[in-house]
Amino acid sequence: MATLEENPLTEGLERLPVPPTTMTIFGGTGDLARRKLLPAIYNLAHEGALPEQFNLVGISRGDLSDDAYRELAREAIRAFSRRPPDGAVLDALLARVRHVRGSFDDPAVYERVEACASAWDEEAGMPLDRLYYLAIAPSFFPAVVALLGERGMHRRPGAEVRVVIEKPFGTSLAEARTLNRRVHEVLEERQVFRIDHYLGKETVQNLLALRFANGMLEPLWNRNYIDHVQITAAEDIGIGSRAGYYDRSGALRDLVQNHLLQLLTLLCMEPPIAFTADEIRDEKVKVLHAIEPPQPGHTVRAQYTAGVVGGERVPGYLEEEGVPPDSRTETYAALRLEVENWRWAGVPIYLRTGKRLARKVTEIAVRLKPVPHMGFLSEGAVGPQPNEIVMTIQPNEGVSISLAAKIPGTRMRIRPVKMEFLYGTAFMSQSPEAYERLLLDAMRGDATLFTRADEAEAQWAICDPVLQAWAEGADPLAHYPAGTAGPAAADALMPPGTRWRAI
Ligand code: BG6
């Protein structure tokens, strides 16, 4: 077997040219910065993928010196980096880090950020690109963008200014529209990077390779051969310390509106003419426009009660810290959708997501129609199943295709077997974290893996009517014990003979 060094497929991120950049994180000490952004930046530094000139400002309300912030960043990287940090790489990175104290609506903060960034420009002898990362509560997004505009920080002669906006992008269609309008008053769309971290996952991007770089699958990828699709994002974790956010959000807003609909569009889109940001996003938006919001009876919402997950007793949602005892927020959502276009009409697409389910698994399962005539049945065949193509996003990233095979022996007995490709064994390398890829793309100005303004609105247009119907009492809230596959009510979304895949 080839060793790691000999295997040409083991390279990590390619060294794409990235322009010199000063990055500013609004929310520099927050959960996202500590768990994801700082570790991602470290790993990019470790792989030599950051631009040669890279500086970072963290903004927070904390009374921190530059050194205290560097210490906080060091701890966060130690705790959350996917590889143990190398002292020299970490020191070199932290030497280029500074902290600015203040609240996001205080103009003085912007002055201080500008002063840091200008000093670095001067040192470099050129204007560096600026990347502003909004890792803050969404209620601050409009104010931050407006202040960047008022202070003239949204444009720079000779360099690019880009703004990354975290989710949630509004909590309804109306809010998303207002937010887009406010953002576009200051920035051009090409400067805006609405993040959906699922698009940074290697396996999600592989969906496009699987579909459009293989001649074998595309002829089957339509209503003539596909019986139905199941997209699952199951989590075993609860809501941790996020009750404040989660209780106002719920599963539909938190995961369906963004991550699950993104997976659906990549699965269903037409081949783009070129793999460029707008060609791809044009095709994705067309898919979203072809989806009618599901009617009552085609949606399920549920909340977890106490149960056992991974051998441990866990409380129910209503007992979680910070959750109001009469909360009706759904921690599970399932929908039956259809993409009403030439390729997909009549193919049910089932989406489901939930907290505190039996295990963590994110997958897309495409179930083909049964063969038209099963001549083997008379021979006492057992268990022939239609073929299924399962793309596992996480964990055990890979693709498996189920085929019917003959069980050895004199009789013609059939059972399903799997043909599998696993990332871990095929490429012998650890996939980079989604945020590593997305940060690099944002610095390079490549918006392919980010949500465009019209796309975010089209996603809300599907979810808004569901939220409204639920508010009026449609498809009442069901319950499921933690550690199970979800509520029994979800089975009723499917016709007899079709079942959810096991979680
Ligand atoms: C986030 C949600 O967007 O995605 C979380 O807000 C969820 O509630 C997370 O846990 C899941 O991401 P991943 O990458 O672990 O599947």
Side-chain angles (χ1 to χ4, degrees), residues 27 30-37 39-40 43 80-82 133-138 164-171 176 193-207 231-264 266 301-304 309-310 314 317 320 322-323 327 329-333 351-364 391-398 423 430-439 449-451 456 459-460 463 482 486 503:
D31 215 47
L32 185 73
R34 288 187 306 109
R35 285 173 183 274
K36 298 288 182 189
L37 303 182
N43 280 294
F80 300 113
S81 163
R82 69 183 162 93
Y133 199 115
L134 275 46
I136 51 179
V164 180
I165 303 183
E166 258 297 333
K167 68 172 272 249
F169 196 78
T171 64
F193 295 78
R194 295 173 199 76
I195 217 161
D196 183 312
H197 79 277
Y198 266 53
L199 292 179
K201 291 181 191 276
E202 280 292 327
T203 34
V204 172
Q205 294 162 53
N206 190 44
L207 244 170
I231 305 182
T232 299
E235 295 187 279
D236 52 357
I237 54 168
I239 54 154
S241 55
R242 300 166 77 213
Y245 155 75
Y246 195 87
D247 197 61
R248 273 181 286 121
S249 168
L252 194 83
R253 288 189 175 100
D254 186 48
L255 241 132
V256 177
Q257 185 273 340
N258 35 65
H259 308 327
L260 288 192
L261 287 179
Q262 284 292 341
L263 294 182
L264 186 157
L266 293 173
R301 53 177 163 148
Q303 199 179 66
Y304 61 83
V309 179
V314 297
Y317 180 69
E320 300 277 14
V323 172
S327 169
T329 300
E330 81 287 356
T331 59
Y332 175 101
L351 310 184
R352 69 177 157 165
T353 182
K355 300 276 184 205
R356 285 288 191 226
L357 295 174
R359 69 182 174 109
K360 178 163 178 95
V361 57
T362 309
E363 62 169 34
I364 302 173
M391 289 148 268
T392 309
I393 312 294
Q394 56 193 15
N396 306 327
E397 293 93 337
Y423 257 78
Q430 193 186 31
S431 290
E433 281 270 332
Y435 279 94
E436 295 172 34
R437 167 64 193 257
L438 295 174
L439 280 173
L449 300 177
F450 294 83
T451 312
Q459 290 172 333
W460 277 119
C463 293
I503 288 181

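Index from 1, following the sequence. For ligands, and for the atoms within them, numbers begin at 1 and follow the listed sequence. What you see below is based on every heavy atom in this structure, not just the backbone, and it leaves out hydrogens, waters and symmetry mates.
Considering only residues two or more places apart in sequence or on other chains, E363 meets the side chain to side chain donor-acceptor pair (under 3.5 Å) condition with R501. Partners of R35 according to the salt bridge (charged side-chain N to carboxylate O under 4.0 Å, His left out) rule, which considers only residues two or more places apart in sequence or in another chain, are D31.
A side-chain donor-acceptor contact under 3.5 Å links Q205 to the backbone of G200.
Using a 4.0 Å cut-off between a side-chain N of Lys or Arg and a carboxylate O of Asp or Glu, K201 and E397 do not qualify as a salt bridge.
The distance from atom CG of L37 to atom CD of E433, rounded to the nearest 0.5 Å, is 11.0 Å.
Donor-acceptor pairing under 3.5 Å is lacking for the side chains of N43 and Y435.
Residue contacts with ligand 1 include Y198, since one of its heavy atoms falls under 4.0 Å from the ligand.
For ligand 1, the atoms closer than 4.0 angstrom to any heavy atom of K167 are 1 (C), 2 (C), 3 (O), 6 (O). Set against the non-hydrogen atoms of K201, the atoms of ligand 1 under 4.0 Å away are 13 (P), 14 (O), 16 (O). The atoms of ligand 1 that sit less than 4.0 Å from any heavy atom of R242 are 2 (C), 5 (C), 6 (O), 8 (O). Applying the 4.0 Å criterion to heavy atoms of D254 picks out, from ligand 1, the atoms 2 (C), 5 (C), 6 (O), 8 (O). For ligand 1 and K355, the ligand atoms under 4.0 Å from any heavy atom of the residue are 5 (C), 7 (C), 8 (O), 10 (O).
What sits closest to atom 12 (O) of ligand 1 on the protein, heavy atoms only, is H197 NE2, 3.2 Å.
Atom 15 (O) of ligand 1 has its nearest heavy-atom neighbour, among K360, E235, Q394, H259, in K360.
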